[in-house]
Every structure is written in C-alpha cells, then in structure tokens.
Amino acid sequence: MSRYTATTDADLEAMLAEIGVSSLQEIFDRQIPAGVRLEGPLDLPEGLPEQEVYAHLRELAARNTSAEDEITFLGAGMYDHYVPAVIDMLMGRSEFLTPYTPYQPEISQGGLQVMFEYQTAISELTALPVSNASVYEGPSAVAAAAYLAHIANGKGRVVVSRGVHPHARAALATLAAGYGHEVVEIELRDGVTDPDAWAEAIDGETGAVIFQQPNFLGAVEDAEALAGAAKESPAVVVGSYDPIPLGIVKPPGECGVDVAVGEGQTLGNRLDFGGPSFGFFAATQAYLRRMPGRIAGETTDVDGRRGFVLTLQTREQHIRREKATSNICTAQALNALAGVVYLSWLGREGLVELGELLLQRTHYAREALVALDGVSALHEQPVVREFAVRLDADVDAVIRRCQEQGVNPGFALGREYDEFPDGLLVALTEQRSRKDIDRLVEVLGAAVAAERTRVGAAS
Amino acid sequence: MSRYTATTDADLEAMLAEIGVSSLQEIFDRQIPAGVRLEGPLDLPEGLPEQEVYAHLRELAARNTSAEDEITFLGAGMYDHYVPAVIDMLMGRSEFLTPYTPYQPEISQGGLQVMFEYQTAISELTALPVSNASVYEGPSAVAAAAYLAHIANGKGRVVVSRGVHPHARAALATLAAGYGHEVVEIELRDGVTDPDAWAEAIDGETGAVIFQQPNFLGAVEDAEALAGAAKESPAVVVGSYDPIPLGIVKPPGECGVDVAVGEGQTLGNRLDFGGPSFGFFAATQAYLRRMPGRIAGETTDVDGRRGFVLTLQTREQHIRREKATSNICTAQALNALAGVVYLSWLGREGLVELGELLLQRTHYAREALVALDGVSALHEQPVVREFAVRLDADVDAVIRRCQEQGVNPGFALGREYDEFPDGLLVALTEQRSRKDIDRLVEVLGAAVAAERTRVGAAS
Amino acid sequence: MSTINDNVLHGDPGVEAHEPSHRVPVGGEVASPLQREAAVTIFEKGAKGRRAFTAPRLDVPEADGEQLLPTALRRREPPRLPEISEPELVRHYVNLSKRNFDLDSGFYPLGSCTMKHNPRLHERVAALPGHARLHPLQSAEHSQGALALMHNLEHALGEVAGLPHVSLQPSAGSHGELAGVLLTKAYHEDRGETRTKVLTPDTAHGTNPATVTMAGYEVVKVGTNPDGGVDVDDLRAKADTDVACLMLTNPNTLGIFDANIEEIAEIVHAVGATLYYDGANLNAVMGLSRPGDMGFDIVHFNLHKSFTQPHGGGGPGAGPIAVSDRIEPYLPRPVIVREGDAFRLDEDRPKSIGKLRGFQGNYGCFVRSYAYICSLGAEGLKDASETAVLNANYLLARLRNLDVADRLPLAFGELCMHEFVLSGAPMKRDLGIKTLDLAKRLLDHGYHPPTVYFPLLVDEALLIEPTETETRETLDAFAVAVAAVLREAEDDPELARNAPYTTPVRRLDEAGAAKRPVIRQPL
Amino acid sequence: MSTINDNVLHGDPGVEAHEPSHRVPVGGEVASPLQREAAVTIFEKGAKGRRAFTAPRLDVPEADGEQLLPTALRRREPPRLPEISEPELVRHYVNLSKRNFDLDSGFYPLGSCTMKHNPRLHERVAALPGHARLHPLQSAEHSQGALALMHNLEHALGEVAGLPHVSLQPSAGSHGELAGVLLTKAYHEDRGETRTKVLTPDTAHGTNPATVTMAGYEVVKVGTNPDGGVDVDDLRAKADTDVACLMLTNPNTLGIFDANIEEIAEIVHAVGATLYYDGANLNAVMGLSRPGDMGFDIVHFNLHKSFTQPHGGGGPGAGPIAVSDRIEPYLPRPVIVREGDAFRLDEDRPKSIGKLRGFQGNYGCFVRSYAYICSLGAEGLKDASETAVLNANYLLARLRNLDVADRLPLAFGELCMHEFVLSGAPMKRDLGIKTLDLAKRLLDHGYHPPTVYFPLLVDEALLIEPTETETRETLDAFAVAVAAVLREAEDDPELARNAPYTTPVRRLDEAGAAKRPVIRQPL
Ligand SMILES: Cc1ncc(COP(=O)(O)O)c(C=O)c1O
Ligand SMILES: Cc1ncc(COP(=O)(O)O)c(C=O)c1O
C-alpha cells in the first residue's frame, strides 16, 4: 500500500475471498505466462516521502536558469509572456484538471463549453470560420496541416518557406516521409520568403504551400502575396501564425489562407521547457470535415436547454479508425483552456494594446542594437516582437558572455540556419521593459566588444 | 474603471439616470460634509499592471532569506514543517477561500462540516471534549484563555510560567491590563517551571495558572504535577501546547488541564513571517459556554438530513454584545481547514511516527551539539523537537557566522530572556535530515571556534 | 424610469425556468446531485491502517525512546485521527467544498462584509517562498523585503486613513478594536486619568461593545437620529469626563455618512475622550474622505474587507490600526523603524501597550493587501469606493423602481453610501413573510442573501452591500429576483416560508443544535 | 459469497434517498441549482470597454506605427474577443467548471483511460519557476536540472518497459504510435526493405489503425480467439514479409493478458516485422511483466494514464517511446546524452526519423511523471499494478455476486487484468435498456460511467477500469448502483431510457449537432 492506494490487509483478505482466489499471486499466475513474468524488482530507487520528492525536484529546478533567473530575450517559437494568476487558479481546479476527454456530455458541459468558446476565439483571431479544439503544439500542427492537404487533394508535393520554424519543417519532413510526400524548401531573401522562388515552386502537383507569419527571423511576410501565388494551383495555403501579433497583423482569413495553425504557448501557457502547450488549427469552411482533432458543437438537450457536445466525430479515429482524418486522441484541452482564458483576459482592446506595445519596444530594441559597434541588421523587414541581427563576433561566445551578466540575448541562428552563422534572434515580450532592453544593449555591446578584442588579440 | 470594476461609461450614464442624480459627484456632495471631503488625490503611487505588481512583490521576496534559502533550525513558536500539496489545492479552492463566515448554513455546509471535523480532531488531539473552531493564533489564545478564567471565576490573579512563550506572556499582560488583572511570572529551574515557586504562587485568588508544553526551552514539563498543584485553588489550569508532539506526549486532557490552547501554524500552515495561522482552543465540558469564538454543531434539516450550523451563538458578540464571552468575529477558518486536512493527512499513525522521528533526530542533534567545544546543554530535561544550549561565544555573532554559511542555527535566547544571554534554541522539523544536522554541527562548531579565537585574539 | 433594456430587466438567467420533460421520477431514488450526498465526516471514512503520509526514514542512530521521553510523560493511545489515503482525502474535501457557496460563484451582497472580488494575483505573490516560508524570527538583515513591504503598507494605510502612524499587528477588526481601546486606556493612564466608560451608538457592530467589556470599560449606548446618524444631543448628554472613547463607524452600518461628524468629533474631544473609527465600512470613502481629517484618533482597517484578503469562510483577516501623534507612543510593539534604506523592528517602546499576539501580525494578509494597493494606486482606490457607492445607490434605485420599496422601504435617508438597509416590516405585515424567509428564498435563486436582522435598530433589517466589483447586469438580476420573491409571496407565502428547496440541506434545526450541542464527532 | 459487511453492501450513500418534505414546488420557478443556469458563453457576457488586463506603460519613445507596420500588413478590425472585467472572468469559468464531473469528485471507471488519482504534489513541483519558466532553447549548460530529470525519467521508463532506449518526445499515445510506426519504416528502409502492411487486432484502439494510415501503411486486421487473445492462426496466416509491424495492446482492451504472447512475438519476428506495444494498458503490469521481455521492439507510454499526468479534460499528455537496440538509431532527435555528470541534447543523429514536434516534448508532463516515480519507487509501481488488477477483479466479482452477471456477463475469460469488459446484450434483450441507458442512469447515481461500445467486437460493450487508487468501499457502492439500475429497469425501463435527470443538461441532440454544425459563436 502506498499513499495513493487504500488496500489494507483486511481489505485484501476480504477482496481475495470475494474473487475466490487464495492470493494476489494467483491472479497473476493464472493470467501471465511464466516466461514473461518479471521475477526481481525493477531497478529503480526506493519510493520517497512527499517532502523528499519536493526537495529533489526543487533541487533539479535550481540547476536550471529560468526566465526568473535572467533577463531573457530568447524566443524562437516560445516566449516568456506573463501568465495571469487567474489561469493558474482555473487550470488548477479539479473540475478542469482531472476529467478525461468529455465523452459524457451531460456531465462535461464545462469542458465542452470551454472548447466552444476557445473555437470561437481562435476563429475570431484568425478570421477563419472553423477551428478545432486544439492539436498538440505548433510545429506538429504544421505537419498536420500538410496531412490535411494530403487527404484533401492527394497531391504529393509540399512547398514550404524556410521562414517556417525549423522544428515545424522537421516535423513536416518526418511525417511526410511516412505517407511519401516530397517537401520543397524555399529560401529567404531580404529576410522574407523569396517571392519568385515561391511562385516558381508552386505547380499543379503542389498539395500544400506553407509560410510562417511573422517568420522565424521575426519579419512580417506579405501573406496576401504568398497566398495569392498559390491561387491557381490545387494547393492548400497554410499559414503558421504567432497569435500574439494578431491584434495588429492582418489575419490569415483576410489573406487568402486556407488553414492557419500555430503555437499556442504564448496564449497563457508557461514555457515549461517546451511543453505542454497547444497548437491551434483553423480553416475555411471547405475543410471542416477534413479537420483533425476534437470539435465541440452547440446543440440542445431533451428539455430544450442549450448544451454542447463533441461533434463531427466521424472524422475521428475512434469512429473511423483507419479512415480517420488524423490519429489524434488526447490533445491539449487544458492548455487550450488557458488560451481562451488568456484571450478573454486580454480582451478585444488588450490584444491590440499588447501588439502595439511590442511593436514599439521591438523597434526601440532593434534600433538600439544595430547602433552598436559590431552589430548590424540581418534584414530590414517590418518586425513586431522579434528581429534578427548579425554580430561581428562569435555568436555563441557573445551569448555566453551576456549570460554571465544575467542577460540572455537571444537565439543563435546558426544553430538552425547554416546561412546565418552570425545571426542572433532577439525576442520581446511585455515583460521586457525599456530598462531591460537598455541593459541588453549595454551587456551585448560590451560582450561583442570584448569578443572582438579577444579575437583581435589572439590573431 | 480598474481591472476589478466593470462600470463602463454607458453603464455609468444609465446608472446615474436610474438613481436620479446628474453625476457621481452629486451622490457624495449630498452625503459627505464639505469639511471632510478629501480634495486632492491620495499620496500613493500609480496603479500597476498585474505583471509589474508580481515583479515588485517577487523582488521584495528575493530580499528575504526564507527557509528555502538556508538550512534553518529556527523555531521558537513557529516551525518549518512540510505543508503537503493537497493543502494548497484545498485552501485555493474558491469555495473555501472566498466565502464569509457561514451565516447561511444551507449554502455553507462545506465550511461548517470542516469546522465540525476540525473540532473533533482538536478534541482528539488534546483529549478534551470541547473545541471551538479556531482563534487568531497561539499567543493571543493564551491571553484569551486567561480571559475565559476571568469571566468564569472572577479571580484577579494569573500565574504564568516563564516557560510560556514570551509573546504569549506579553499578550496576556497587554490584555490583563485592560480588565485589571495581576500577572505573576514563575521562574524556570533546570529548564522547567520551578515546581516550588509554582505551587507557592497559587492561592485562593488565583484565577488561572498557565504553563507551556513543551516549554519555550523545548523541555517537556511535568504537566500533571503542574496541574495538580492548582487542584485546590479556584484556578483554571491552562496549558499551551505544541500540537505536533501530541502523538507521543501526554495530552492535556489526561493531565488535569482545563483549557488547552496553542499555535496551529505547525498543522499545515506556512510560516508566512508569522501569520496567518490559527490558535486552537479546547476545554473541559464545564467551560463550553464560556468559550470564545465560533463553534459548529451537528443538527438536521427539515427533511431529516444531517447538517451543521454555528451553535451556542449566545456566547458571541453579534448576539450578546457587551455580555459576550469574547469580541472575536473573523477568526482563522481557512487556516483551521489546513489544520484538519493536515491532521487527516498525517493520520493516526503518522502523527505518532512524526513525533518519534522528531524525538530521535532532536536527540541526535542535541548530543552532537553539546559534544562541540564551547557548546553545552542549557538543561537536561527531555525534549521532543527543540532544545537549548549555551555557547561560550557571542550568540549573535555565532548566528551571523552560521548564516553566512547557509545555516540558521536557531534563536538567540538572550533576545527574550535576560537570564540566558548565552542561550541558543535549536528546533527540528521532519524537513531537517541527518545530513542537515551534521552540517549544522560542522558550521556551528566552526563558528563558535572562530568567534572564540577572534575574542581571544582581541583580548 | 428605466433606462436599461428589457432583456436585462426581465431576462434574469438565474430563474429562466426550463420545464423538464422528465423530472426526477416521482418516487425515484435519486435526489438532486448535492442533496443526494448524505453528510459523511472524514472520521467516518477510511479504514484502519490507511494513510496519506509517508514518514521520512529514521536516518539517525535509534536511541531508546523510553530514555528520551519517559512513559510518565507519554501518551498512551494515539489520538483517533482519520486513517485515509490521499485520494480519499482529496475527494472528501473537494466534495465538501461543493457544499459551499462562494464569491467566485455568485453575488454575495452581505452587508458590512464587503464581499469584493479577491484577485488571484494576491494568492500567487503571497505563495512566493520568500514570503511564505519566511520565519517570523528571521533577523532584520535577512527580512528586509518583508519589512519594506510592511513599511510601505503602513504608509499607504496611514495615507488612506489620514493618520500618520500605523501598527499592522492586530489579527482582525475586533482585535484592532481591542488594540484601539487599550491604546485609549494607556493614553489616559499616562496622563493620570482614569476613565470608566466607552460610548457606542446603537447601530454599532457587536464587536464594539464586546471589545469595550474586554478592555475593562462600561458600555454606554448613544442613540440614532432620524437621519440615521448619531443623536448629537444624546451624545452631548452622555459625553462627560468619565468617557474614554466614542467608537464610531462612518458610514455607519446603515450606510449613512454622519452629517454631523465634525460636531461629534468636537464634543468627544472637548471631554478629553478619543474618537475611534471602526473601519469596517472604509470601502465607502477611500480617497474620498479620511477618518483622520474627520477628527478620529484611532482607526482600524479590515484588510479582509476593503483590501481583498479573502474571507476564507471566517478568516484569516488582519486589523491594522492607524493613530494620531498623541496615541503613537502606546502602539503595540514592535514597530518598524526605517534607518536609511534599511528597516528594523523596534521592541524598545517603554510606553507601548505591549503585544496583542505573537510576531508581527498576519503578514500573509499584508502581502495580499499591499499587492492590491500596488495594483490600484491612488486612483484605483478612489474608483473602488466611488463604484461601491454607485453600485449601492443603483441597486437601491432599481429595487425602488421595481416597486419593491413599499414592501421593503429604505430604513433611513434617500441616498446611501456603499450599503443600505431596508426594513422588511411592511413585507412581513402585508405578505406574511419575514426577512429571513426572503433571504432563504433568495438562496434558491442562486444568491447569497444580504445581512439580515442587523443593524438591530431596524425592524426586520436587510443590509445590502453590493461592492464595486459587481456588474450592472448582476445588480439588475438581483433586483429582479427580490421582486420575484415578493410577487410570488403575494400568491403563496408558503413558498418563501419553507424555502430553500435546492440547497444541499434545507432549513436546519438551530435551536435543537444549541439545546443539545453535538460539537464533535463521537468516535 | 460476500465477506464484507451489509452496510457497505446495501448502504450506498450515493442513493440513500431523502424524501424531501417540500420538493421544488410544482410549477415553481427554480430548477435544480445547476440546471437553472442557462449556458451563457463568455462572448455573451461583459460590455464594450471592460477589461481584465492592464497594459504596461509605453516606456520607449513612440515611433510612427504606420512606419513600423504598414497598413497593408495591418489588421483593420480587432478580433471580437470578450470584453470583461476580471471578476466576471473568474466567475464565468469557475461556474463553468461546476458543470464538469471530475476525478477529484467521484469514481471514474472509464476503461482504457486509467483514471487514477492525480497527486497535487506534481502540480506543485511542475510549477516551480525553474521548471515552469525554463525556455526550451536555453543552453544545455543552463538546463542541467531539466536534462537530468529527463535522463532519469528515460531510465525509469526503460526499466519499466524492459527496453534500453527511450525518447520522451511524442505528445501523447497516438503520437507515440506514429513515432513507433515511422521508426519501423525507417528501420526497414535502412535495411533496404519496403513493407506495406501493419497488422492490428480487432480489439485495437482506433488510434492504432488511424496511425497506420497516417504513416502510409495499409491496415490488416487480425482476429481475436475465444479467450480474448490474438487469433494466432489468423496472425500466422497474415504475417508475411509485406508486414512491417504488429501493433498490440497487452493486456488488451478486453483486459486480457495474451497467453500466447511469446508465440506471437516469434511469428512476428520470424517475418522480420517489428512488434509494437500500445502502452495504454501498462498500468496492469508495471513491475510484473515487461514488454521488452515479452519481445516487443517499441513501446509507447501514456504518461497521462499510468503515470498520473492529469487528463485535463482531453490533454495534455505525453507519449514517450522505449525501443530496443536495433531501433535506437532511428529515434527522434534530439536525444539526451550523458557525458560524465553533464547532459546535453544531441541533434546529430543521421539515421533519425527527425522530429515529431518542437523542442523536447511535454516537459511539464515529464516533471509530474518523474515525481510520481520518485514517490512510488520500484515497490510502489508494482503495488499500483497489483492493486489495479486486484480492484478490477474484485469489482468483477462483486458484480457477479450481486447477480448482475446474467444481464451483464463478462465478455471473455474468468479473471481479468486491470480492466474488464461486460456485454450489455442480455440486458438489452431482457430488460430493454441499452448499455448507453445504463451509462446515463449511472450519471444520476453520481458516477462517471465506464467506457461504452468499445472494444467494438463485444456487443453492447461496457469496459470497466477502476484503477488502484479507489477504495473497496467505492467499488462496493458502484456495484450496488449498477445492480440498482438493473433492478429498477425490471419495473420500469423508461427510467434508464430517459436518464439522466439530475445533470446540468440531459441527453443532448448529438445527431442534430453534427447535421447542422454550430462550432463557433456567431458574433
Ligand atoms: C461594522 C463592523 N465592525 C467590526 C467588525 C468586526 O471585524 P472582524 O470580523 O474583522 O473582527 C465587523 C465585521 O463584520 C463589522 O461589520
Ligand atoms: C488502448 C489505447 N491506445 C491508444 C490510446 C491513445 O492514447 P492518447 O490518447 O494518449 O493518444 C488510447 C487512449 O484512450 C488507448 O486507450
């Protein structure tokens, strides 16, 4: 008996008698073939009291440098936004935290209505009429969008901008290898998807085209033009969006995008070293019945009360099995709850204010950084909350120096882009004030200078 | 409008019209005399966004050295016990966190039943038949017990052991000054209440006698003897108990104690720099109708369902006003909830195991410390979770040295006891492992040695 | 005259009835979800040997327990605490919680209690280990953040009160009152005066007279004038040099701001008495009018009212006090002293009344209230009070305009501050339902009822305090519900008299509970 | 034969009916507390201009916005998000939560879902800022704690699976399945083989065949033998060199441990295919039998099942995979590499299938599951599985001994592992109520029903998984409730056919919802 089980010796005796066996062992002996029974104990440490588990996990946490421990400008797909306290409370309520997927709608109206509200919020955000109730996270959502295109039009070619998050391109490639699609990557030019190469790559066999907004370098793409280029092709136009700027950036639904996906972490979810968060997945009406994942719908009960159910389930694996639109089952309901609560907390005006604030602070930071010796712009495109610069010094070494000063200046682009070995990607959130930016400028300037001196001295 | 209010301009206009006034100002002008209207704004900083309040409070927190930041042996009335995670969750549930005192029992059965369960647990713990639903905290509970004696027997003299927490004695003195009682303090001898002085001090005018178990020096008192000495007097025998050792220490109800009170912090409440926690207050049947505070009682509803209500309210201020047994109104319901959840979490066996563990570890620590050069026992009495030693070095200086090494060795007795300028009070909880104790021994030994060297060198 | 739309007026979602096509079958076995659960205590659950706790290993050499703690001092039988696994424990208390109504679930216009929204931010910051696991005896050097916080809070509270000195120590409002009256005593004694009486108006909260007795004074009641304020003539007659203090709530528990407050202060001060401000109703006047400016010497705050400390079902709270210069020497010790950028606690206060409790007070509450003040700032606090008063007046007007007023007239005045008192006497006379019945019937509508039968001087009193954090829609819906109960009672008063019907339990036998008290579980 | 006392047997507190002396008055306006609240969405609340958010001040010199983001790229109209104050927001979602049933409130024997207790400790440790605010791209040097945790978890999971290599990356069980099948493809392709088919038994969960399709394979179904295991002859017949993999759940979704597992492994391996273990039912065998030892090549775990990640109403979860040496080169990248005492992420994995998603997986789930494993240790995990199996067999026996078996016979076998499947076919035939009706009537008794109509091969299936964290009393009470529903149906099957009655809403029009989908709020 552990602290989570309740079978006392008296219980055990009574239960065995009721079952009609003489021992617990007998239950297993009668079912598990002798050859596959584990004889010894698992090679795992002894169980611990709660307080010691806490102490151990705290000790591990202390060995990480979190966004509480440094002034961080690291983004590149996940961002240190402030998570309002109401979200902790609501996610922590047993009624949201512990139920399964709402298979019994009569006792799951809370979760189902949250899904419905979430779908509405995402639909509003993207200006697309259809949203599901969440997928795993951003990068796999991109792969899932390509799969939707695959089952929708059967074309074997996916055109993807290199402005799409490297992890999303990787996930796409991994999945496409399964069902045998070709993936063509389009280079960036001046920080955005090369429009000519993009247009050229799209042909009658192109099932999907995929770009990211803003792209991985922080640049705002001309989404309308990119979508327009695919107009004559059979391709499903997929845009992967950062939701935070959508208060001020033209939404996918107004740009000719068919399927908009994205990483939902920024909407009220913690960084959590990469997950759990959620992916959103929205589309035009045409793709409603090709959507992966759960969808909640409004209906009424036998007494005429308004209610909500999981709907269009004939798309799903538990009904359609090998003919399903996706294999997804457990998704990210609780994280999507955080998402809709966050959007409601921000509210209609707040989302815009947040976008404008980021726009201004990002501009301020970009101007200040490129004014430093040894720092220059990697591109000149409009940016909203993240931008790329080039360093005239070893990027990793500069980052290391900055971290020693308590500032994490961002992401070394060379980790993912051979073409930008000197690139640094700097991200803002509303938690990075002007004071923090000024500190970044000071620390980064010093680090670049020191690194150049060191290299100069060595050579 | 702030984020916590909801009156839009449109609302305001409609509301003023409904009220029939032309402006908000009019409502105030018609009610508040001009002479006492505040004209300018309050001299307070501008309101902040949630994230900035969080950052500010976090920055303040970072300027404190908490029990997460050092290995602490500080006790002296509050102790760093582990608070199980279920308590956070339950205290955080809106249904427990946000209601008022249960004035409407039909919709407050949760809180009322918790009180009833709490009273049962305290009654079991103390082996006394009657418990209220909590008072503010430990020291004021001692003062409240003396007040109970005052209204019960009208005698003007309170005899209190100097083994009682200095803050409790202070609270007692402050309150007694109000209704004009004399307070007589009894010295300690060999670490416990001097039995002869105690017996001598008790006479026919003594309304209450008060001791603490274990006393402030950690020593287990002979509670039966102390209570016995008051048997022939009119005095109410009051014991102030640390609840944690009550799994192994003889309970007040078996020692002739009439009223047992104590600090409840150790039962599932955080340190919180001293509060909020709760005080428990238990008594023999004779004092039921003299008790201060809320009491929940079992009853039935009109359909025969079992239910709970606040009962015996004719003791209380809202009914009896100047004739009430106490003025207490808001008490510590939520902290008492933590208390009963904690006791249920520990369980019948757990409380004993915890007591035995503390007994053993405390013994180990005491032996190891007094074996150090320059450290000696302050008394030889049995101790359960806390003990006192004498240092042959300046105590404050030694503490400072230890804290520099990340160890807080305990409480300098000289802060409260002129008679023990060289005393150090060392407390254990289940969170201080042998490894922590060994570290204390090492650090304290070195600190005492260093301090003696410094003084030796200086002289 | 109604300026709001009809949907709001008539469409109270709380009572929009669905007529179920299949009710719980008559004679069926299943009652409504909460009613079907019989109350079972934690002591009636579990089984011998179950546990949620795992003890840490004994990691030191085991000594003979009898040696360490002799049998004579030992407990023979462990207390019969529950024996229960963690999952059972969680379910027990989670399900108990569902038998509570709470502020996060619905409107809670409990007068004099200021049931305003409790921001969750406050729980988050209070839980930071630097606050939550800080030992109260930690040295000043190692608790600078906490001391700074307390210092800042003292400043803010002093500013709101209009008084220069603050002690955060008292644990609740009534504890603050006790501090205040003891301060008065110390003040007079220090001047060689012995005074024996404290004046309290008949509208006073019960804690006021109870406090007076505890502090060793005699209570002398002062009457109320027709406007709901202090009867100044009565006050003048009773104010003599035996009087130590007048305790006043302003606005008082009728929601009336005393028009004669300046005169009252003069009378009290003229006889050398102190003027004590019961701050339970401070939510009406933050940033608008200050007790210190009104002439009060001592003020208590209920941080669990105006300053958002959640009520917790009956605590915790905190009852800081603010005082004038002449009272300052007697403040409870320790006081926080600032020296340059550093703070320390000063215990060396020879004239202090001493201590009211252990340590520095309910610091966890200070963190929450301080966070609240940081969030709102000067403007926000003023907005809070303005909106509280607006909401109260609006609800009063809504009720009036729904023709509720002839059954439930306003007891005093025309406007109100943050709360108002209706009298249920006409309702009782005309409809045969008491204020209690109305309250119980409101439970079926999903509301926490207002405070009932207080203040005592109003017959069948109903004391309503909506607070500033409620929306206009909520106030509208509540007004409609009150009107609906009255309307329904015209046809059938039994409905209200037997209410509630939908709560986990229905009316309880309180008299029986008091007659044969069962206050613990027999085991 | 019953060895437990009669109180437990007959005194199900969940249905101990109180006959109220005053029911909700007929024609009265107030329905049961939850039913009276009409569903109102957050988009239908609030008012223009309200807000819960306060934006930080613009603290940098303001540049021309049009310059920074030209109009052509700008949104014209902001999305119509809710406009609502914080108190309204909190109340809305708190009240919505009350319309959910959950595991902390009651028994949830949803088969195949392992609804075991979710310790709150896990939420606490996952919320520590060092975990919760750690950026996924933080350098290895600055994330040693996280990498160590993942490394330790990999070790523990590998040990439970009996397989040496683990990737934590997949986001859920089905994602793990996809990983597993893609690994199989990579493995075969690396050997120059092209295979086209994947075998799945007809008891398989829907994610198995759906995964197969997504990975570009053809699904071939394998039959079930009369004992509930794989039809070995059918398997032998279908296992050819076109077969890439057999996906198996063991114990399977009937709760049956396949007696022929060793032979099955031999057959599959003989044709060069991989054997995939769907770990959704791992809760039956932790520390008792290991997939690796059974011959499986690839295993997925559902951390949200056996390893206590709370289900969250449909996620998040995590679906780590464990694999044998021969599959290891193809694992998703990055993998965690230990070098001395330090850990790093290795992306340089030329044979890797690549990435299934961003970053390192659902780390927050890893923290919880790791904490669970630390709490239980080897013995505790074994105890968990033993107790899960004990509880399932006990509940099965209780139902049998309450004479439920002739209406709801066990579909296969005599004993079961951690769950069992009853067939409602006789009940439907004899009493005229379907498994769905039974399930809905159980809602009125306060239970979450078992899984219904799955697995597909059992007529009117009822799949019951009590888990190890339930008490005997709970199992007893549930058995009594099932018996009560059957008994009641003998008199009046309409009661069940129209159930539930006491839930916030009653049976919903699902067909209508699908026919005319309203999947967002029109604004
Ligand atoms: C007017 C008034 N004074 C004093 C108090 C007592 O305050 P506390 O409950 O904080 O002791 C109250 C509480 O309801 C009150 O309303
Ligand atoms: C047997 C079985 N396999 C696979 C899955 C899918 O797991 P997940 O929901 O984690 O994707 C489930 C979930 O119910 C299951 O029961």
Side-chain angles (χ1 to χ4, degrees), chain B residues 2 6 15 17 19 41-42 44 46-47 57 60-61 63-68 94-95 98 101 106-107 109-111 120 123-124 136 139-140 167 170 174 178-179 270 272-276 297-299 301 306-307 311 317-318 321-322 324 327 330-334 344-345 348 350 353 364 434, chain C residues 3 39 52-53 55 59-60 79 81-82 96-97 99-104 125 128-130 132-134 136 142 144-145 171-172 174 206 209-211 215-216 219 257 310 312-317 354-355 357-359 362-364 374 377-378 380 394 397 471 503 505-506 509 513 518 520-521:
Chain B
S2 77
M15 292 167 85
I19 298 168
L42 293 171
L44 290 175
E46 221 186 312
L57 274 283
L60 288 172
R63 284 199 264 150
N64 300 324
T65 305
S66 83
E68 300 236 321
S94 300
E95 293 87 339
T98 68
T101 300
E106 296 88 348
I107 53 168
Q109 286 298 297
T120 304
S123 170
E124 275 298 313
Y136 301 134
S140 57
H167 294 178
T174 298
Y179 53 89
R270 319 191 290 214
D272 273 341
F273 201 45
E298 184 176 330
T299 187
D301 79 354
R306 186 185 194 184
T311 193
Q317 46 74 27
H318 62 288
R321 302 177 71 86
E322 62 268 24
N327 71 338
T330 294
Q332 310 290 133
L334 191 68
S344 302
W345 180 78
R348 183 176 185 157
E353 290 167 7
Y364 174 80
R434 176 184 184 154
Chain C
T3 60
F53 169 70
D59 53 0
V60 298
L81 296 176
L96 269 191
S97 79
R99 299 168 81 86
N100 266 2
F101 183 88
D102 73 287
L103 182 58
D104 282 353
V125 293
L128 289 168
R133 288 187 70 188
L134 181 60
H142 289 277
Q144 284 297 302
S171 308
S174 67
T211 298
V219 173
F257 194 102
K355 285 182 190 291
R357 51 160 292 161
F359 311 112
N362 283 339
Y363 178 77
C374 289
Y394 177 71
T471 63
T503 45
V505 296
R506 300 186 48 225
D509 181 5
V518 179
R520 60 153 291 173
Q521 171 103 29

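Quantities reported herein were computed from a predicted structural model and do not represent experimental measurements. Proteins come first, then strands; the chains are lettered A, B, ... in the order of their sequence lines, and each starts at number 1.
Rounding to the nearest 0.5 Å gives a distance of 8.5 Å between CG of C/Asp59 and OH of B/Tyr364. Once rounded to the nearest 0.5 Å, the distance linking CD1 of B/Ile107 with CZ of C/Arg99 reads 13.0 Å.
With a 4.5 angstrom heavy-atom cutoff, B/Thr330 touches chain C via backbone and side-chain atoms both. Residue B/Ala331 touches chain C through both its backbone and its side chain, counting heavy-atom pairs closer than 4.5 Å. Of the atoms belonging to C/Val219, it is side-chain heavy atoms, and not backbone ones, that fall under 4.5 Å from chain B.
For chain B, the option among C/Gly380, C/Gly317, C/Gly358, C/Ala397 with the highest count of heavy-atom pairs below 4.5 Å is C/Gly358. Chain B forms the most heavy-atom pairs under 4.5 Å with one residue out of C/Ala55, C/Cys374, C/Gly377, and that residue is C/Cys374. No other option in B/Leu334, B/Ile19, B/Thr120 has as many heavy-atom pairs under 4.5 Å with chain C as B/Thr120. When the candidates B/Arg63, B/Glu46, B/His318, B/Glu322 are compared by the number of heavy-atom contacts under 4.5 Å with chain C, B/Glu322 comes out ahead. Counting heavy-atom pairs under 4.5 Å between each of C/Ala210, C/Gly216, C/Ala172 and chain B puts C/Ala210 at the top. By number of non-hydrogen pairs under 4.5 angstrom with chain B, the leading residue of C/Gly354, C/Ser171, C/Ser97 is C/Ser97. Ranked by non-hydrogen atom pairs under 4.5 Å with chain C, the options B/Ala6, B/Pro276, B/Ala170 are led by B/Pro276. If you tally non-hydrogen atom pairs under 4.5 Å between each of C/Leu96, C/Leu134, C/Val505, C/Val518 and chain B, the highest count goes to C/Leu134. The choice from B/Ser344, B/Ser2, B/Ser140 that makes the most heavy-atom pairs within less than 4.5 Å of chain C is B/Ser344. Heavy-atom pairs under 4.5 Å with chain B peak, among C/Ala215, C/Gly313, C/Pro310, at C/Gly313.
Under the 3.5 Å distance criterion, with hydrogens and angles disregarded, a donor-acceptor pair is assigned to the side chains of B/Thr98 and C/Asp102. Side-chain contact, B/Asn64 with C/Arg133: no donor N or O sits under 3.5 Å from an acceptor N or O.
Under a 3.5 Å cut-off, the side chain of B/Asn327 and the backbone N or O of C/Ser174 do form a donor-acceptor pair. The closest donor-acceptor contact from the side chain of B/His167 to the backbone of C/Phe359 lies under 3.5 Å. When atom types are taken as modelled, the side chain of C/Asp509 and the backbone of B/Asp301 share no donor-acceptor pair closer than 3.5 angstrom.
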Intermediate values then yes/no, salt bridge (charged side-chain N to carboxylate O under 4.0 Å, His left out), B/Glu298 and B/Arg306: CA-CA 7 Å; B/Glu298 184 176 330; B/Arg306 186 185 194 184; 3.2 Å; yes
Show your reasoning for whether side chain to side chain contact (heavy atoms under 4.5 Å, CB included) applies to C/Phe53 and B/Glu353. CA-CA 10 Å; C/Phe53 169 70; B/Glu353 290 167 7; 4.2 Å; yes
